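A quick note: this is a predicted structure, and the numbers were derived from the prediction, not measured. Within every chain, numbering begins at 1; the chains are lettered A, B, ... in the order of the sequence lines, protein sequences first and strands thereafter.
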Amino acid sequence: MLRCRSMLLDAHARIKETLNATIRSLWNIVPPDIALNQTPKIEMGELASPVCFELARALKKPPRAVAEELIRAAGGIDGVQKMEVAGAGYINIYLNRAAVVRGGRIRTSRAEAGKVIVEHTNINPNKAAHIGHLRNAAIGDTFIRVLRHGGKQVEVQNYIDNTGVQVADVIVGFKYLEKKSLSEVRALIGDPKLRFDYYCWDLYAKVSGFYEANDPKHARRAQTLKEMEEGNNETAGMAELVAMTIVRYHLATMARINVGYDLLPRESDILHLKFWEKAFLQLRERNAIFFETEGKNKGCWVMRLETEGHDDDKIIVRSNGTVTYVGKDIAYQLWKLGLLDQDFLYQPFDGNKNLWVTTSAEGQAGHPPFGQGKVVYNVIDVRQSYLQNVVHQGVLALGYEEQAKNSIHFSYEVVALTPACAEQLGVELSDEDRKRPHIEVSGRKGQGVKADDLLDTLESEACKEVATRNPDLPKADVDKIGHQIAVGALRYFLLKFTRNAIIAFDFREALNFDGETGPYLQYATVRGNNIVNKLRESEPDFDFDKAYLFLDDPKLPGMLDAANDIWELLYSASRLNEIAQQVVSTLEPASLAKYAFTLAQRFSLFYHRYRIMSETDPDRRLFYLLVVEYTRRAMTNALDLMGIEVPNRM
RNA sequence: GCGCCCGUAGCUCAGCUGGAUAGAGCAUCGGACUUCGAAUCCGGUGGUCGGGAGUUCGAAUCUCUCCGGGCGCACCA
């Protein structure tokens, strides 16, 4: 039997099992899948199964008659108060309300065997981060929080492509466009008045123009890449310095929105430690790649994809012997899955023992075991589906079917700009462009919203609000709360869209703090906390354990049955684990965001409708307090899973 | 040309493996602060779910087709 960690999920399993067994014994047929849906209204029970519609056909009886018979034969189920026939033949299931609420206080989350590796962020270290990168990080970080909540052991990797074309392009900019030496670049980095990642953002945008005018064949890029790969020269030194400096900016930016990592694997180390050679031997031995002796790909090692013909062959090793990005990614993927006979060396990053970086020079002992993932998630936008598929095929071609299945591309759509927003940022648009639903951001052209700029704006707007609402609050507190609200607004904004929706970014929408936004959820939680704080102030001797003890009070079931609106709130609060599990199985963090919003709405409704502190009936007052405690806890947990903090006040 | 994604209210989006009267937010109109804080709450307006056909007891959801839009398919990453 499945190991469930929630009273509700246990109940689901029991209901399905019972109905399944009853159908089998009653009619001697193989039961269809027992779907459990939500009812339209809480008064109709919590769960509904339409299974009798399907059974009616096989049994040639009306659905309602089938439902009657099935309910009678099923008998009682632990946690279920009653089952009823409803509508044209639904089975409506009414849970034992008190049992659900009592079960909600038990929280077990034992660690599960088998490590999960999640790779996210992966920004090319050649310029400042933009909103697209924030979406990736928000999705990836929320996902790892949900996995950990479910008891999974998770390792977070942020891959650093420090020897790629994008870094090379910025180096070309420094060396040939600005004619700067390594020491001059170093001086630039040391200049406290200058944001080096922003500087590179602009420089990178100029490089395409430079190529057009001076180097149409991109010879300088090729030369730079070659020098970077060889190492031990000024170009390689500059690339290393530039890339790792920008990595530090990226980490600082992500830390602002509560995103962190366990390991930074670097492409340069994959090269120097010859991961590719190990992977190449495997691929060649298993005939996963072929040496092409004729045609357009003559002289290359190619991978044959599942499609017909040879036109779609993917080049893995170029005719000049260099490896493509996909080749290196296959090697990295094999390492993550524990299928490569080779490991990195590791060092703490900037002396931080909680964040490690790979190295090919001198490793340090005492690092955690990295890699060897049982399941690997790669959080990468949908435009890379084709390449991810090639990597997947590579793992499969080596015969690792199980590992290929557990190697998952967590894809999501990009962040674009509304035409109005693009123009606001100075992007020139044609009349055609203005009619389009969105304009793609382009790092190459320097078009886009920088992550830190957006965060700065959000923070200053939030601080303004906090200051006007709390005139006597010290500045340090205003800043702290403003920051928390800004992060709440941003992370919720990035999470509320389902992953295959393109976000058309717009400042007005992103800077909104009303309605379906992070601050709304934070506000509801703060209000809940304030009710408790207020009570502590006015009645210092009040014993809060009494509210929890009320769980076992014989009056609780009656009160729950009498108030459908309150029950709906508590039931909603009880579903967090169920939703978290759904996020993992569907790879859809947006459902957590939507859930948390609905919960906040119900909670807001509750504290408007009921006076808690001034309630004169002592039992009723305890009951309401229990509701506040129970719900604010669920809200806080839900927000935490999204990386959003609850301010002390707002 | 091949492949993937999208089309639901004026706008931005939800709608779980098909299920009961298609939901939110924004915008708009009208109400609610002397009682736990109005970043809130209550109510109104607003939808032939892109068109058509099919499967089904039942379709926004599945299949086909057409229309409209986005993205991918390099000896770039």
What is the nucleic acid contact for [X], judged by heavy atoms within less than 4.0 Å: base, sugar-phosphate only, or nothing?
X      : answer
A/T324 : sugar-phosphate
A/R609 : nothing
A/A501 : sugar-phosphate
A/N92  : base

Candidates [options] - which lies nearest the side chain of [X]:
X      : options             : value
A/R436 : B/C71, B/G37, B/U40 : B/C71
A/T39  : B/U40, B/C71, B/A20 : B/A20
A/K314 : B/A74, B/C57, B/C36 : B/A74
A/I485 : B/A39, B/C36, B/G70 : B/A39
A/I315 : B/A74, B/G70, B/C13 : B/A74
A/F513 : B/C36, B/A39, B/C16 : B/A39
A/F597 : B/G25, B/C42, B/A20 : B/G25
A/Y523 : B/U40, B/C36, B/G15 : B/U40
A/F53  : B/G70, B/U40, B/C57 : B/C57
A/P437 : B/C16, B/G69, B/G37 : B/G69

Does [X] place a side-chain N or O at less than 4.0 Å from the phosphate oxygens OP1/OP2 of [N]?
X      : N     : answer
A/R527 : B/A38 : yes
A/R64  : B/C57 : no
A/R611 : B/U35 : no
A/R508 : B/C26 : no
A/N500 : B/C6  : yes
A/Y610 : B/C41 : no
A/Y386 : B/G72 : no
A/Q601 : B/G25 : yes

What I want to find out is whether [X] reaches [Y] closely enough, with some N-O distance under 4.0 Å, to be called a salt bridge.
X      : Y      : answer
A/R575 : A/E578 : yes
A/K464 : A/E461 : yes
A/R436 : A/E432 : no
A/R536 : A/E539 : no
A/R499 : A/E413 : no

Given atom [atom1] of [X] and atom [atom2] of [N], what is their separation to the nearest angstrom?
X      : N     : atom1 : atom2 : result
A/I612 : B/G37 : CD1   : C1'   : 13 Å
A/E516 : B/A9  : CD    : C1'   : 16 Å
A/H409 : B/G3  : NE2   : P     : 20 Å
A/I316 : B/A74 : CD1   : C1'   : 13 Å

**Report entry** 5′-ward residue of the pair A/G164/A/P40 relative to RNA chain B
**Finding:** A/P40
Query raised in the report: Of A/F497 and A/I531, whose nearest nucleotide on RNA chain B comes first from the 5' end?
Result: A/F497
**Report entry** Span that lies between the P atom of B/C6 and that of B/G10, in whole angstrom
**Finding:** 22 Å
Requested in this report: Determine the interatomic distance between P on B/A38 and the same-named atom on B/A32; round to the nearest Å.
Outcome: 15 Å
[N]: pairing nucleotide in any strand, Watson-Crick or G-U under 3.5 angstrom:
N     : result
B/A60 : none
B/C4  : B/G70
B/A14 : none

Report summary line: Interatomic distance, CD@A/Q38 vs CD@A/E46, rounded to 0.5 Å, equals 10.5 Å
Query raised in the report: Can you tell me how far the CG atom of A/N122 sits from the CD1 atom of A/I380, to the nearest 0.5 Å?
Result: 6.0 Å
Query raised in the report: Would A/R135 count as a cation-pi partner of A/F493, with NZ or CZ less than 6.0 Å from the six-membered ring centre and within 45° of the ring normal?
Result: no
**Report entry** Under 3.5 Å donor-acceptor pair, A/N122 side-chain atoms to B/A77 base atoms
**Finding:** no
Report task. Please evaluate the base of B/C75 for a donor-acceptor partner in the side chain of A/S319 within a cut-off of under 3.5 Å? Result -> yes
